[in-house]
Number of protein chains: 2
Amino acid sequence: MIPPVFILVRPQMGENIGAAARAMLNFGLERMRIVDPRDGWPNSRAVAMASGAGRVLDQAGVFADVKAAVADCDFVFATTARGRELVKEVVTPERAMEMTRAMAGQGKRVGVLLGPERTGLENEDIILANAIVTVPVNPEFPSLNLAQCALLLGYEWRRQEGTAAPSVMVLGRTEFATRLEIEKLADHFEDRLNAAGFFHPETKAANMKANLRNMWGRLGLTRAEVQTFHGMLRQIAWKLKRQADEP
Amino acid sequence: MIPPVFILVRPQMGENIGAAARAMLNFGLERMRIVDPRDGWPNSRAVAMASGAGRVLDQAGVFADVKAAVADCDFVFATTARGRELVKEVVTPERAMEMTRAMAGQGKRVGVLLGPERTGLENEDIILANAIVTVPVNPEFPSLNLAQCALLLGYEWRRQEGTAAPSVMVLGRTEFATRLEIEKLADHFEDRLNAAGFFHPETKAANMKANLRNMWGRLGLTRAEVQTFHGMLRQIAWKLKRQADEP
């Protein structure tokens, strides 16, 4: 069972990175990734705050962008209270960790995105996730910080250790596409549609592309289906090209 | 149903008192008591840290000792990782909040003792409690602070509120495609792919088509996404047709 990897996206204060490492290690989670930390890496304030959890930081991978950080993940959660404008499943930490345990039990790699302190995750980050996890806090006083989010998710991971296997998601031996494979499919479609002049008017192009990428990320495509989609695009292009060559 | 009162015993740093207030209010808990705070009361650092949760501090009762603070409680939990030398039930936060809900439902008052930052509760405090609550942290790295303890207990209180509530929350006002719309999309793709010679060899065609239809049915596409897929196919076809016409 592969424990989830917590991915800190553009974290600002080193102290908070260290505090997140401590929070994780409380519940036995050691796999951290860091995307584009504001103050560079390594960060002495992070190390000082992490104290006995320093090995979480030592082992942490640092990535230039979210896309690279989630490339080998089979399933990605985005931790956010927002993102309602995107069509995406929103689950509680409890449900998210149930799903994570079910997938991890099948050898799948699950990533959890945690946003920067002030602003949280951007839509372009959330698009790369399969589902959103939102802590059901008091709507009149939502004030969880980065380490507290990590703490609650780690707590749920650990709490469910003892409980009977959850009856969620019959995935069978289906192989789902990795995030990298999904990315490449989205790229293939985007290139082909760009060439076909699909993204017009120009002012709406960015939004259209974002919606499409969000959709690809959400659908839960299998590896075979991704290959099928690539094949469809190639075949249609080939056929119409041949028609053009033989008028 | 009377929510539990969180009793901070001899807290040291004002910041931690404020942070505990914030943690509590995240989960709708507003009843705090403070026993013999090191730096007196009121405490401006506590107020500054509590920020929007200032009303938790404003309403907090201050007591000279634990005995006075728990005097009106029907049941008291002591939050500690130690205290095993005392014969006392030790429960998880999950179980503690189950018990609290059961008692609160009968009009009983439940108090939760949270110890000072460095040393935790003393045996003489724990003796005043009915049971011990211990967060099941990694034995090799137990590092929960005061506010994090309050956060996890508050989270459990809130989590159990809506056991019946669905864990999958909302998808906003997303309109999902009807089965008929999905059927028509599958038809459109199948026609286009047929024309492009995608379904070969002949012996596998039926199976390929069945797999594709199964996929469309499974994906949970929105109405807008179905329109986008139709648009993609039309646009690619139109573009390549035009290329053919203008060699």
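Chain letters run A, B, ... following the sequence lines, proteins first, then strands; residues in each count from 1. These values consider heavy atoms only, across backbone and side chains, with no hydrogens, waters or symmetry-generated copies.
- In terms of heavy-atom pairs under 4.5 Å with chain A, the best-connected choice from B/Pro93, B/Ala237, B/Ala224 is B/Pro93.
- With a 6.0 Å radius and a threshold of 12 heavy atoms from other residues, nucleotides or ligands, A/Lys184 has its NZ atom at or below the threshold.
- Of the atoms belonging to A/Leu221, heavy atoms from both backbone and side chain fall under 4.5 Å from chain B.
- Interface remark: B/Phe141 contributes backbone and side-chain atoms alike to the contact with chain A (heavy atom separation under 4.5 Å).
- Closest approach of A/Gln148 and B/Ala23 over heavy atoms only: NE2-CB, 4.4 Å.
- Contacts of A/Tyr155 with chain B are made by side-chain atoms alone, with heavy-atom separations under 4.5 Å and no backbone atom involved.
- Heavy-atom neighbours of B/Arg45 CZ from other residues, nucleotides or ligands within 6.0 Å: at or below the threshold of 12.
- We find the CE-CG distance between A/Met232 and B/Leu212 to be 4.0 Å, quoted to the nearest 0.5 Å.
- In this structure, chain A has a heavy atom under 4.5 Å from the side chain of B/Leu193, while its backbone stays farther away.
- Counting only distance, with no hydrogens or angles, the side chain of A/Gln235 and the backbone of B/Gly197 share a donor-acceptor pair below 3.5 Å.
- The closest donor-acceptor contact from the side chain of B/Asn138 to the backbone of A/Phe27 lies at 3.5 Å or more, if one exists at all.
- Using cut-offs of 30° and 60° on the angle between ring planes, the pair A/Trp216 and B/Phe229 is perpendicular.
- From A/Leu152, atom CG reaches atom CG of B/Leu151 across 4.5 Å, with rounding to the nearest 0.5 Å.
- Closest heavy-atom contact between B/Pro139 and A/Arg158: CD-NH2, 3.8 Å.
- Of all heavy-atom pairs between B/Ser143 and A/Arg22, the closest is CB-NH2, 3.2 Å.
- At a 4.5 Å heavy-atom cutoff, the contact between B/Ala195 and chain A is made by backbone atoms alone.
- Ranked by heavy-atom pairs under 4.5 Å with chain B, the first of A/Phe198, A/Phe189, A/Trp238 is A/Phe198.
- No donor-acceptor pair under 3.5 Å is formed between the side chain of B/Asn26 and the backbone N or O of A/Val137.
- The closest side-chain heavy-atom distance from A/Thr228 to B/Asn211 is not below 4.5 Å.
- Remark: side-chain polar atoms of A/Arg218 are paired, donor with acceptor, to backbone N or O of B/Gly220 under 3.5 angstrom.
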